[in-house]
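First the structure, in the form of structure tokens, and then the observations on it.
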Amino acid sequence: MLPSFIVIGILIVASQYVFLKGSFYKDLGLGRIGDTAVLDNYIRFFTDPFYLRTLWITIKTSALAAFFTLLLGFPVAYLIARMRSRWSMLLLAGIVVATFVTIVIKVFGLIIIFAADGWVNKMLLGLHIVDRPYTIIGNQVGVVVGLMHFTLGFGVLLLYSVIQTIPRSLEEAAQIHGASRFRMHLRVLLPLSLPGITVGSLMIFNMCMGAFTSAALLGGGRVFTLPVLIQRTVMMEVKYSMAGTLSAILLITVLLINLLSVFLLRRFRTARLVVT
Amino acid sequence: MSYSPTNATDLVQRRNSPPPRMGFPWGRLFHYVYCSLSYIFLLAPMVVVVGASLHGGEFYTAIRFPPVEPSLRWYGEIPSSQFEALGLSFLLAGGAALGACVIGIPAALGIVRARLPGRTFISSVFRAPLQIPSIVTGIAFLQLYYLFGDATGLYFQGTFLGLYLGHLFVATPYVIGTVTAILQRFDSRLEEAALSLGASRWSTFRRVTLPVIMPGVYAGALYAFMVSFGDVPISIFLTAPGFVTYPVELFYGMENDFNPSILASASLVIFFCLLVLLGMQKLVGLDNLLRSGSR
């Protein structure tokens, strides 16, 4: 174990140290940085409305995507987890394939679906729902849809494992005692899966916060989330320190959310112990 | 075996079946329709990519779904650069999966078995790469290589080794996670029995431990492979022009110079993923895969 620990440890410490340190230096343009450590970049981030707006958009799109992922994913996860036939394997396979195929290909498909002369737009135009072709490239709706495609498969698998830990017999008991399907879901399934859902949604939210590919491709250079901005700051503006600052802020946000989820998980666990 | 109430209620359920229910099961129907819509949402992009790749029209009218002139034309015109990128991605992902097993299996054994102080800390260090957003990992490695290069004259960015280290970094926690999950359920008395019957440490590991953790290794290696194979945010910083992985090639292809052959190669990748999945289903079973996969 020791060699593994050393390899991973060195990689973590070295990589994180370098950019965190770099984030405290001033950018002089063309990739050169100043030679004294200052807080300039951080002050700039929290005073410049552009950066604050980026942070806000990142949080907003991630929260929306996480919410809709849960909304679409939970019934599917429930269906698969409670299915008794062999079909469940097929349904599961569909989810796993969707998780494994790289997000670039999925975004590509999305762009084709919503192409100006694609059949979705023809249909929308034909039914007079919109008067000009609707596009998802370059707006926040598109980014949210892209993020959902990034997380949905993963989210279903996560919720699937959560629901599997809830004994089916509890639901049956509720129904035998005369609870309607809806009432059973509300009073039995939901409370029991709440810890899993909470922690899972925080994980999904974190995935979205750090998601680069779908946000970059569907943002089309007009919607900036933090990961997209980080890549642009490095590749186009060659400002390594500022990119380091942005990365540090993203990292800290994500870690804080993780801490919150660990904390919540503990709370739920102790609460559960009291109940049983 | 612990007491399981499922069987008892199952019996009750079966005796009374069908359970008395009034009218048409609207709730159930709604659930099925809802799930179908979720599936359409989830799978449509991939279906569309495969469908559109079968359209053989001219360059600028080449994206059509459903295909108007079905042909396999664009499959024949996939440029060699895309095959090179695919090759690099395979090599990288395979290597990352292998390396992840080499690092991950001993790490998992250590986490579960060793009576060390600070086990939680150690295991959270091993999981840390999953907490760091990939884009941050990418830029962190890039800057590390710059610094290392300035100090020693060896620049890693745009080399296979540099790219490989980045991928290994994110791939390893998956193997650690899946193997740890299995080891925690594994009865260590099996190993003690083998040892006390005179097996050496190595043959105990090879004949007893390894077969038990194998499903976890497969699952972890599969996750590691797929994460590495589909990665953009790390690779985009660590690749160089003429030396790109397939997703990055695709990424640039979509941003800049679009070529319909992208659709064809993307379809090939989708089929490849399906094949891998089928193989895994045969090898360990999807259910096992996911049970050990939930971190």
Side-chain angles (χ1 to χ4, degrees), chain A residues 1 4-5 7-9 11-12 14-16 18-19 22 72 75-76 79 89 92-94 96-98 100-106 108-110 112-113 115 118-119 149 152-153 157-158 161 167-169 172-173 181-182 209-210 212-213 217 227 230-231 234 240 243 247 250-251 254-255 258, chain B residues 5-6 9 13 19 27 31 34-35 38-39 41-46 48-49 52 63 65 103 106-107 109-111 114 122 125-126 128-129 131-137 139-141 143-144 147 165 169 172 226 229-230 232-233 236-237 247 250-251 254 266 269-270 273-274 277 286 290 294:
Chain A
M1 184 192 75
S4 313
F5 185 73
V7 171
I8 297 292
L11 285 180
I12 292 177
S15 59
Q16 302 305 308
V18 172
F19 90 84
L72 276 189
V76 176
L79 182 78
M89 273 297 123
L92 212 51
V96 178
V97 165
F100 282 164
V101 170
T102 169
I103 179 72
V104 194
I105 293 178
K106 288 188 271 184
F108 201 2
L110 279 177
I112 297 174
I113 291 174
W119 54 276
H149 271 278
L152 188 54
L157 294 182
L158 201 79
S161 59
R168 196 198 300 256
S169 50
E172 285 164 353
R181 207 177 149 79
F182 175 73
M209 289 287 289
F212 163 72
T213 322
L217 287 171
I230 290 171
Q231 189 250 358
V234 171
Y240 288 106
S247 306
L250 178 62
L251 185 68
V254 166
L255 288 182
N258 271 326
Chain B
T6 322
T9 34
Q13 185 86 323
H31 189 186
Y34 190 98
C35 289
S38 292
Y39 265 92
F41 176 81
L42 190 63
L43 299 177
M46 283 169 278
V48 166
V49 165
I63 309 183
F65 183 84
I103 299 182
L109 283 168
I111 290 175
I122 292 172
V125 167
F126 276 126
Q131 317 286 337
I132 303 168
S134 311
I135 191 102
V136 177
T137 307
I139 184 182
F141 270 85
Q143 296 208 25
L144 174 65
L147 194 80
L165 280 178
F169 183 70
T172 309
M226 285 302 175
F229 193 66
V232 172
I236 205 165
F237 287 115
L250 215 60
F251 183 87
M254 282 170 66
V269 170
I270 293 175
C273 290
L274 274 172
L277 200 65
L286 217 52
L290 294 174
S294 51

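A, B, ... follow the sequence lines: proteins, then strands. Residue 1 opens every chain.
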Once ring-ring contact (aromatic ring centres under 6.0 Å, His included) is applied, do any residues pair with B/F237, and if so which ones, sequence neighbours excluded?
none

If one checks every heavy atom of A/V104 against chain B at 4.5 Å, the contacting part turns out to be both

Are B/I132 and A/L251 close enough that some pair of their side-chain heavy atoms sits under 4.5 Å apart?
yes

Where B/P45 and A/K106 come nearest, the two heavy atoms and their spacing:
CB-O, 3.3 Å

Chain B contact via A/L255 - which portion, at a heavy-atom distance below 4.5 Å:
side chain

Please identify, among B/F229, B/Y34, B/F141, the residue contributing the most non-hydrogen atom pairs under 4.5 Å to chain A.
B/Y34

Identify which part of B/L147 has an atom lying under 4.5 Å from any heavy atom of chain A, answering side chain, backbone, both or neither.
side chain

Look at B/V269, B/I270, B/T137 and state which one has the largest set of heavy-atom pairs under 4.5 Å with chain A.
B/I270

Of all heavy-atom pairs linking B/V48 and A/G109, the shortest is CG1-O, 4.1 Å

Check: A/L217 and B/F251 side chains under 4.5 Å, non-hydrogen atoms
yes

Does any N or O in the side chain of A/S247 come within less than 3.5 Å of the main-chain N or O of B/V136, such that one atom is a donor and the other an acceptor?
no

Spatial distance of atom SG (B/C273) from atom CD1 (A/I105) [nearest 0.5 Å]:
7.0 Å

Taking atom CD1 of B/I135 and atom CG of A/L250, what is their separation to the nearest 0.5 Å?
9.0 Å

Greatest number of heavy atom pairs closer than 4.5 Å to chain A - which of B/L165, B/T172, B/I236:
B/I236

Considering all heavy atoms of both residues, which atom of A/A243 and which atom of B/I139 are nearest to each other, and what is their separation?
CB-CD1, 3.4 Å

Note: B/L42 and A/G153 closest approach over all heavy atoms is CD1-N, 4.1 Å

What pairs with B/A128 under side chain to side chain contact (heavy atoms under 4.5 Å, CB included), at least two apart in sequence or on another chain?
A/I12

Shortest non-hydrogen pair, A/V254 vs B/P133, comes out as CG2-CG, 4.0 Å

Out of curiosity, B/Y39 OH to A/L152 CG, how far, rounded to the nearest 0.5 Å?
9.5 Å

Taking all non-hydrogen atoms of both residues into account, name the closest pair between B/L43 and A/G94 and its distance.
CD2-O, 3.7 Å

